[in-house]
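Reviewing the structure listed below.
In what follows, every chain begins at residue 1, and chains take the letters A, B, ... in the order their sequences are listed.
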Protein chains: 2
Amino acid sequence: MEPIEKYLEAQADKVHRFLEREVESWTEIPPPLREAMAYSLLAGGKRLRPILVLATAEALGGSADKALPFAGAVEMIHTYSLIHDDLPAMDDDDFRRGKPTNHKVFGEAMAILAGDALLTKAFGLLARAAREAELPAETALALIEEGSRRFGAEGMVGGQVLDIQSENRRLSLSELEAIHRGKTGDLIIYSVRLGALISGSTKDQLELLTSFAGLLGLAFQIQDDILDVIGDQETIGKPVGSDQAKNKATYPSLIGLDKSRELLLKTVEEAKKLLSRPCGIKAERLMQVADYFALRNR
Amino acid sequence: MEPIEKYLEAQADKVHRFLEREVESWTEIPPPLREAMAYSLLAGGKRLRPILVLATAEALGGSADKALPFAGAVEMIHTYSLIHDDLPAMDDDDFRRGKPTNHKVFGEAMAILAGDALLTKAFGLLARAAREAELPAETALALIEEGSRRFGAEGMVGGQVLDIQSENRRLSLSELEAIHRGKTGDLIIYSVRLGALISGSTKDQLELLTSFAGLLGLAFQIQDDILDVIGDQETIGKPVGSDQAKNKATYPSLIGLDKSRELLLKTVEEAKKLLSRPCGIKAERLMQVADYFALRNR
């Protein structure tokens, strides 16, 4: 088995090349819109969510080729959410992944529309991927319905609303968790479930993977909060301490840095323990992915 | 056959009640987001697009009950596009349908998110409706893929980009048509095609209805432009002359009011002529709808 770094690089590259091919096929999109969409979609980033789709599909013996368009759709959703989150009316961020944010380059109107277009495109891609994979209608439509909840008003968009409302307010730990469950957890859960559902997972496997993904999402968020305090700007692609500057609640601000690290380790261990149960999942890669992303030092 | 006014009122009411029931079912959405979504979705309006879904389904002998959720999804798409179009970074409108625009009431961040949420919700509703109607997988996925194009980057969103880029620029008639085809035409075409596809239309019927809808969309836009010049504020729900004030190209500004009226009549006649061909479509209602909306005086 190749080292996890190589694996992640290869998977991220696969996703990137898929997205490049998609962009090339967008010949009917007005050029400035296409450029704005491509700018953020091809800006790099860890490609964590699409990698989770691919790694989960592989863990269930599914085909990575079949999973790739689904993975691409998830990355489009993630990218749209970043573009809109960065807008002046929202988090008002100037940098993302070390590059000027979408609205800084293309203006606010175009950034709003590029986000809308990527969100809309992602649903089309989910449908196309389901058609190409010849999924049964029931599975295909369930995927789309679940996506609509997980990254819509009940999930990611709802989490963003809770986040905005919580600024400058002292939160409880459970309030913070509710925000993160929506803002980042639901799309991570969706990525894993998507990989499972398109690979014919059993009900038990799906439940286990869903719990794993919930813990993974929590771990990522704790780690993100920790990195905002101790990371360096180059690695995280935005100024260190930008959450603090905005008076956003974070794990370190609520329970301190040491307790945050403790909680992080505990959460990752719990997540991996779930996958070590015997249920026919080749879980090694997924466990490595969890370790790598949740415990990276920088 | 009841008079067209009664019919339209009854259909709009049916759509409105369906959307009210949907909003009631949104118990997992954070209340402020739900409120912002419901504010614009239930603000009334002509409900033209969902009525086209219903009327087309009926014209093909389809069930209006089955068509209703699809109609609701189309209205969600239309509503999201209005919320985003009205934003300060876009058209910067303070009034819509005679009420303060979404961002005026809920703030810009919430308006962006309410739009995102309605767009996402609409795809989930399309998938749910397809499942409930037990459409074949092929049809269901094709509907969603086509939607993604018609109201996405290749259609409605793309048209909005062209519109923004054309401000303060003298356009040719064909440039103006391209903008409108995207901005309003594609969603009208989609509404008609949706009504047809879920009602088992033949290929010939679908082609005819698509051409009809293209002309209808054009007629609506010419009429909208005319009303912006001669209508009264109460009827159109926004200040008269607001397109002129923004230096937007319109049919009257390009070819004059008289020629615009002439083109409108010609376009509606052409649209109706298409439907009068013998092809098994009970077209009377659709023709009335075309007449009513495209030729309304106020």
Exercise. Where along residues 119-131 of chain A does a heavy atom come under 4.5 Å of chain B, listed by residue number?
Worked result: A/Leu119, A/Thr120, A/Lys121, A/Phe123, A/Gly124, A/Ala127, A/Arg128, A/Ala130, A/Arg131
Exercise. Which answer fits A/Met156, side chain, backbone, both or neither, if we ask what part of it has an atom under 4.5 Å from a heavy atom of chain B?
Worked result: neither
Exercise. Considering only heavy atoms, which portion of B/Leu162 lies under 4.5 Å from any heavy atom of chain A: side chain, backbone, both, or neither?
Worked result: side chain
Exercise. When heavy-atom pairs shorter than 4.5 Å are enumerated against chain B, which of A/Val161, A/Asp116, A/Val157 gives the highest number?
Worked result: A/Asp116
For this session: Over all heavy atoms of both residues, which pair between A/Pro30 and B/Ala153 is shortest? Give the atoms and the distance, please.
Result: CD-O, 3.5 Å
For this session: Tell me, yes or no, whether the heavy-atom count around B/Lys66 atom NZ, taken from other residues, nucleotides or ligands under 6.0 Å, exceeds 12.
Result: yes
Exercise. Can you tell me how far CE of B/Met110 sits from CD of A/Gln165, rounded to the nearest 0.5 angstrom?
Worked result: 5.0 Å
For this session: Select, from A/Leu118, A/Ile112, A/Leu143, the one with the greatest count of heavy-atom pairs under 4.5 Å involving chain B.
Result: A/Ile112
Exercise. What do you reckon, is CG of A/Asp65 surrounded by more than 12 foreign heavy atoms closer than 6.0 Å?
Worked result: no
Seminar exercise, completed: So, the part of B/Glu146 with a heavy atom under 4.5 Å from chain A: the answer is neither
Problem set entry | Which atoms of A/Tyr80 approach chain B - backbone, side chain, both or neither, heavy atom under 4.5 Å | side chain
Exercise. Counting only heavy atoms not in B/Glu28, do more than 12 fall under 6.0 Å of its CD?
Worked result: no
Seminar exercise, completed: So, the part of A/Glu134 with a heavy atom under 4.5 Å from chain B: the answer is neither
For this session: Select, from B/Glu108, B/Glu145, B/His84, the one with the greatest count of heavy-atom pairs under 4.5 Å involving chain A.
Result: B/Glu145
Problem set entry | Which of B/Gly155, B/Ala109, B/Ala140 touches chain A most, by non-hydrogen pairs under 4.5 Å | B/Ala109
Seminar exercise, completed: One should read off an interatomic distance between A/Glu132 CD and B/Leu141 CG, to the nearest 0.5 angstrom, of 11.0 Å
For this session: Starting from the C-alpha separation in whole Å, work towards a yes-or-no answer on side chain to side chain contact (heavy atoms under 4.5 Å, CB included) for A/Leu113 and B/Met90.
Result: CA-CA 9 Å; A/Leu113 293 167; B/Met90 311 271 274; 3.4 Å; yes
